[in-house]
J.: 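The structure follows.
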2 protein chains.
Amino acid sequence: MLYYRIMNETQAVSALSALAHAQRLRVFRALVVAGPEGLTPSILADQLDVARNTLSFHLKELAHAGLVTIEQQGRNLIYRAEYSRMNGLIGYLTEHCCQGGVCEVSPSSAICTTC
Amino acid sequence: MLYYRIMNETQAVSALSALAHAQRLRVFRALVVAGPEGLTPSILADQLDVARNTLSFHLKELAHAGLVTIEQQGRNLIYRAEYSRMNGLIGYLTEHCCQGGVCEVSPSSAICTTC
DNA sequence: ACAATGATTCAATAAATGTTGTATTATCGA
DNA sequence: TCGATAATACAACATTTATTGAATCATTGT
């Protein structure tokens, strides 16, 4: 029972690069906490005290890496964390752990499978 | 029963930056697969076809981020993946998921707890 | 139609990161 | 002690990434 798809190296580097920045990491974690409801750029900008054009740039990076999704609602955009992508990244990092020995990664390593 | 310690933002960004590079990611994954025995820089350099000074630079980055440990054995160094750090990073990324609702992260999200 | 709001785009500058060749340090074995 | 091997450190250059302010695009409400 797999809840995600293991990604390739390019996708993993892209996701890791996207998260390897303090502001983007804060944005992503805020979206993880927000859950399925998601957040708008305005709310995020206020909450995290980031300039809106800067935030827009960083959200684009996260979206390009597949870590967040965008839905338009009127003149607002709703950003949401893409849990399956996050789980795919975790799977990529831990794949074939310890040569398939005692530490074998089980599908239960995935998080947020119900989102 | 916690197998890792949730890290702070600086540590998380450091770990993510270290992994956000194709060669370093390959190195880390090779060490994850190698398990507790670890690998020497020579073996890694041969296996991954990287110049030794370049590999040394990248290993230093991984070590600085706490993702690998170093043990000296004669003139060889043994590098090992630091599983607890990896688990700490995963914990940091998924903390308070979905406002503690249906997707609450359980300690079982940690991987390689027996390493 | 028009002003206001939400959000993104662009271009220029500033800052951080990666690569390469060379040099250095330390250990091993004859 | 000397040559060979394992590994790291340094410096110069090239590349990538981040920030900022101003401009643009789209939607809503009057």
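Bear in mind the structure is a predicted one, so any value in this text is a computation, not a measurement. Here is how names work: the chains are called A, B, and so on, in the same order as the sequence lines, proteins then strands, and each is numbered from 1.
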J.: Near DNA chain D, counting only heavy atoms under 4.0 Å, which residues of residues 44-51 of chain A show up?
T.: none
J.: Looking at R52(B) and D46(B), does any basic side-chain N land under 4.0 Å from a carboxylate oxygen?
T.: yes
J.: Measure across E95(B) and V33(A) and return the closest heavy-atom pair with its distance rounded to 0.1 Å.
T.: O-CG2, 3.8 Å
J.: Let me see the working for L77(A) and E71(A) under side-chain contact (heavy atoms from CB on, under 4.5 Å), right down to the final yes or no.
T.: CA-CA 6 Å; L77(A) 296 181; E71(A) 183 196 342; over 6 Å; no
J.: What ring-ring contact (aromatic ring centres under 6.0 Å, His included) pairs are there with at least one residue in residues 22-73 of chain A, not counting sequence neighbours?
T.: H21(A)-H58(A)
J.: Using the side-chain contact (heavy atoms from CB on, under 4.5 Å) rule, pick out the option among V32(B), L39(B), L62(B) that qualifies with V68(B).
T.: L62(B)
J.: Which residue, T94(A), I6(A), L16(A), forms the side-chain contact (heavy atoms from CB on, under 4.5 Å) with L89(A)?
T.: L16(A)
J.: Looking only at non-hydrogen atoms, find the nearest pair between L19(B) and L25(B) and report the distance.
T.: O-CB, 3.6 Å
J.: Quick one: is H58(A) getting a side-chain N or O under 4.0 Å of the dT19(D) phosphate, OP1 or OP2?
T.: yes
J.: Would you tabulate the pairs of protein nitrogen or oxygen atoms and nucleotide nitrogen or oxygen atoms of nucleotides 22-24 of chain D closer than 3.5 angstrom?
T.:
unit_1: dA22(D); atom_1: N6; unit_2: N53(A); atom_2: ND2; d: 3.3

J.: Would you kindly give the CZ-to-C1' distance between R52(A) and dT20(D), to the nearest whole Å?
T.: 16 Å
J.: Rounding to an integer number of Å, can you tell me how far R75(B) CZ sits from dA4(D) P?
T.: 13 Å
J.: Specify the closest pair of heavy atoms between R24(A) and A18(A), including all atoms of both residues, with the distance to one decimal.
T.: NE-O, 2.6 Å
J.: Enumerate the residues from residues 19-28 of chain B whose closest heavy atom to DNA chain D is under 4.0 Å, giving them by residue number; use none for an empty result.
T.: none
J.: Check this one for me: any side-chain N or O of Y79(B) less than 4.0 Å away from OP1 or OP2 of dA6(D)?
T.: no
J.: Cluster question for you: counting only ILVMFWY and a side-chain heavy-atom cut-off of under 4.5 Å, with indirect links fine, are I70(A) and L59(A) together?
T.: yes
J.: Check step by step if side-chain contact (heavy atoms from CB on, under 4.5 Å) holds for Y92(B) and R29(A).
T.: CA-CA 9 Å; Y92(B) 187 82; R29(A) 297 212 321 151; 3.4 Å; yes
J.: Excluding sequence neighbours, so at least two apart, what forms side chain to side chain contact (heavy atoms under 4.5 Å, CB included) with R85(A)?
T.: M7(A), Q11(A), L67(A), E82(A)
J.: With the side chain of S56(A) defined as its heavy atoms from C-beta on, choose the nearest nucleotide among dT8(D), dT8(C), dA6(D).
T.: dT8(C)
J.: Does T40(A) form a side-chain contact (heavy atoms from CB on, under 4.5 Å) with I43(A)? I'd like the steps, not just the answer.
T.: CA-CA 5 Å; T40(A) 64; I43(A) 295 174; 3.2 Å; yes
J.: Separation of L55(A) atom CG from dT20(D) atom C1', in whole Å?
T.: 15 Å
J.: Which ones in residues 59-74 of chain B lie close to DNA chain D, meaning a heavy atom under 4.0 Å from one of its atoms?
T.: K60(B)
J.: Across the strands shown, which category fits S17(A) at heavy-atom distances under 4.0 angstrom: base, sugar-phosphate, nothing?
T.: nothing
J.: dT19(C), dT19(D), dG6(C): which one has an atom nearest the side-chain heavy atoms of F57(B)?
T.: dT19(C)
J.: Check Y83(A) against C98(B) and note the closest heavy-atom contact, atom names and distance.
T.: OH-SG, 3.4 Å
